[in-house]
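Quick caveat, the model's predicted, so the values are computed rather than measured.
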Amino acid sequence: MTDPKDTINIENVVASTGIGQELDLQSVAMDLEGADYDPEQFPGLVYRTQNPKSAALIFRSGKIVCTGAKSTDDVHESLRIVFDKLRELQIQVNEDPEIVVQNIVTSADLGRNLNLNAIAIGLGLENIEYEPEQFPGLVYRLDEPEVVALLFGSGKLVITGGKRPVDAEHAVDKIVSRLEDLGLLE
Amino acid sequence: RLRKWQERIRTKDAGERNLQFALSEIDRMASALGVPRSVREVASVIYRRALKEDLIRGRSIEGVATSALYAACRKEGIPRSLEEISEVSRVERKEIGRTYRYISQELGLEMRPVDPKKYVPRFCSELELSEEVQTKANEIIEKTAEEGLLSGKSPTGYAAAAIYAASLLCNEKKTQREVADVAQVTEVTIRNRYQEQIEAMGIHG
DNA sequence: GCTTTAAAAAGTAATCT
DNA sequence: AGATTACTTTGAAAAGC
């Protein structure tokens with residue numbers, strides 16, 4: 001039996017940072033190749049990196065959001081690229097700005113099919129949301145770690161809302177033990 | 001003094017008018033859906049509770065009224081799909097679904113997932129299918145759901161597939177299109193659910 | 001509340017061949 | 001009847017309406 005923890009895969013990391021400098025997004029949009037900027041639609045400028053693949057939202061305040069990276073290392077690498085691009089445009093960027101991970105999305109596999117109907121009742125209807133007419137996943141909110149898990153009939157799941165990779169591991173452990181206690185795993 | 005008093009009257013009247021509007025909307029939609037009076041009463045109670053708990057702030061009265069009716073139909077065991085509900089409401093399906101999940105959570109309605117069998121009598125009668133087909137469809141739903149096939153699947157599509165399969169087994173064939181139309185799902189969904197169900201039942205179609 | 005970004009899960013749906 | 005594309009859900013940040 002594979003430990004479900006070993007099946008955890010980070011799918012997306014969202015992080016925020018700032019260059020400590022105000023920006024004229026209009027001119028950045030002109031000079032930065034591949035930049036998407038439509039202030040009518042959204043106040044941030046979108047800049048995509050290819051390697052690693054990610055999207056950076058750059059704001060007038062100099063604050064930046066990076067999303068789409070597959071690891072915290074990739075987030076740092078992506079943002080390093082963004083910082084260098086801005087420096088090429090003669091923009092002052094702090095030495096190494098603090099990068100804060102805001103959310104990590106992971107997927108995992110419990111290795112067994114799940115009876116979501118039984119799980120909904122077993123975990124307590126007040127603690128879950130399961131509306132298969134609207135979405136096939138069962139939404140389970142954990143208190144510790146404070147994350148949200150989406151459980152599917154296939155036994156696969158998505159965990160989001162955590163800030164550290166270990167949050168997903170703890171969440172999987174808790175979910176597995178709760179389902180085992182209820183006799184709903186297997 | 002007098003001003004405050006008048007303002008209170010005005011607010012009270014406005015609140016009263018809003019409640020009347022919501023209740024008349026519930027009545028109008030319930031009539032259009034042809035659900036019994038008991039369901040309208042349950043919907044009214046849910047709406048009043050939502051009002052009392054201040055859940056309407058930031059949401060439309062129509063949206064909460066529609067969601068209350070959707071919840072009431074389910075509670076009373078005669079569910080209408082979000083698709084059907086949205087046809088008699090001016091609120092779109094997505095918003096009804098969101099609002100329903102919100103009030104359901106906040107009011108602690110503890111709603112159980114919809115049992116596809118609950119759709120069988122109504123869909124079958126619209127298709128003019130016999131009691132025998134209904135019984136067979138229920139059997140298919142019961143057995144395949146026990147095997148875990150229901151997880152994550154929409155109740156209407158699941159019921160539609162079982163009814164389609166039962167109509168074939170009982171020599172009262174309805175086409176996938178006919179069943180899809182009354183259940184408001186696509187033929188593709190019926191086909192997919194049907195294949196899984198007959199396989200699980202050990203039937204060869 | 002909304003707007004935008006990215007990614008996974010699985011179901012449903014629209015559209016085209 | 002496939003195949004494709006796209007939309008549903010979860011989470012978080014950013015600035016502005």
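- Under 3.5 Å, the side chains of B:Y164 and B:E178 contain no donor-acceptor pair of N or O atoms.
- Nucleotides D:dT8 and C:dT3, compared at atom P, are 10 Å apart to the nearest Å.
- Residues in residues 155-167 of chain A take part in these side chain to side chain donor-acceptor pair (under 3.5 Å) pairs, two or more places apart or across chains: A:N103-A:T160, A:R164-A:D167.
- One side chain, B:Y70 or B:R74, offers a donor N or O that lies under 3.5 Å from an acceptor on the other.
- The nearest heavy atom of DNA chain C to A:S54 and to A:G155 marks one nucleotide each, and the one closer to the 5' end goes with A:S54.
- Of the N and O atoms on the side chains of A:E133 and B:S154, not one donor lies less than 3.5 Å from an acceptor on the other residue.
- As judged by a 4.0 angstrom heavy-atom cut-off over every strand, B:R98 is placed among residues touching the sugar-phosphate backbone only.
- Evaluation of the salt bridge (charged side-chain N to carboxylate O under 4.0 Å, His left out) rule for A:E77 yields A:R80 as partners, not counting sequence neighbours.
- A:S154 comes within 4.0 angstrom of sugar-phosphate atoms only, judged by non-hydrogen atoms across all strands, and of no base.
- Atom CG of A:L57 sits about 12.5 Å away from atom OH of A:Y37, to the nearest 0.5 Å.
- The distance from the CG atom of B:L23 to the OH atom of B:Y47 is 7.5 Å, given to the nearest 0.5 Å.
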Quiz prompt | Annotated protein contacts, base or backbone, on nucleotides 12-17 of chain D with a non-hydrogen cut-off under 4.0 Å, one of B, S, - each | solution = BBBBS-
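- Neither side chain, B:Q197 nor B:T144, offers a donor N or O lying under 3.5 Å from an acceptor on the other.
- Note on residues 82-92 of chain B: pairs passing side chain to side chain donor-acceptor pair (under 3.5 Å), not counting sequence neighbours, are B:T66-B:S89, B:S81-B:E84, B:E84-B:R122.
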Exercise. Going 5' to 3' through nucleotides 12-17 of chain C, assign each nucleotide B (protein heavy atom under 4.0 Å from a base atom), S (under 4.0 Å only from sugar-phosphate atoms) or - (no protein heavy atom that close).
Key: SSS---
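- With both ends at atom P, the span from D:dA6 to C:dT5 equals 14 Å, rounded to whole Å.
- Put simply, A:K70 has no side-chain N or O that comes within less than 4.0 Å of OP1 or OP2 on C:dA6.
- Taking atom P on both C:dT4 and D:dC7, the two are 11 Å apart, rounded to the nearest angstrom.
- The gap from the P atom of C:dG1 to that of D:dT9 amounts to 14 Å, rounded to the nearest Å.
- Taking CD1 of B:I26 as the start and CZ of B:R28 as the end, the distance is 11.0 Å to the nearest 0.5 Å.
- Judged purely by distance below 3.5 Å, without hydrogens or angles, the side chains of B:R112 and A:Y130 never pair a donor atom with an acceptor atom.
- Closest approach to the A:R48 side chain among C:dA10, C:dA8, C:dA6 is made by C:dA6 (side chain taken as heavy atoms from C-beta onward).
- A heavy atom lying under 4.0 Å from DNA chain D marks none of the residues of residues 72-94 of chain A.
- The distance from atom CD of B:Q176 to atom P of D:dG2 is 12 Å, rounded to the nearest whole Å.
- A close approach under 4.0 Å does not occur between any side-chain nitrogen or oxygen of B:R93 and OP1 or OP2 of D:dT8.
- Atom CG in A:L138 sits roughly 13 Å away from atom P in D:dT10 (whole-Å rounding).
- Side chains of B:E95 and B:T99: a donor-acceptor N/O pair is present below 3.5 angstrom, by distance only.
- If you check C:dT5, C:dA9, C:dT4 against the side chain of A:A55, the one that comes closest is C:dT5.
- Using modelled atom types, one finds a donor on one side chain and an acceptor on the other under 3.5 Å when comparing A:Q134 with B:R101.
- Whole-Å rounding puts the A:E131 CD to D:dT10 P distance at 12 Å.
- As rounded to whole Å, 15 Å separates atom C1' of C:dG11 from atom NZ of A:K156.
- Nucleotide C:dA9 holds its P atom 18 Å from the OH atom of A:Y130, rounded to whole Å.
- Between A:K53 atom NZ and C:dA6 atom C1' there is a gap of 8 Å when expressed in whole angstrom units.
- Counting to the nearest Å, the C1' atom of D:dT10 and the CD1 atom of A:I175 are 13 Å from each other.
- Taking atom CD on A:Q134 and atom C1' on C:dG11, their separation rounds to 13 Å, with Å as the unit.
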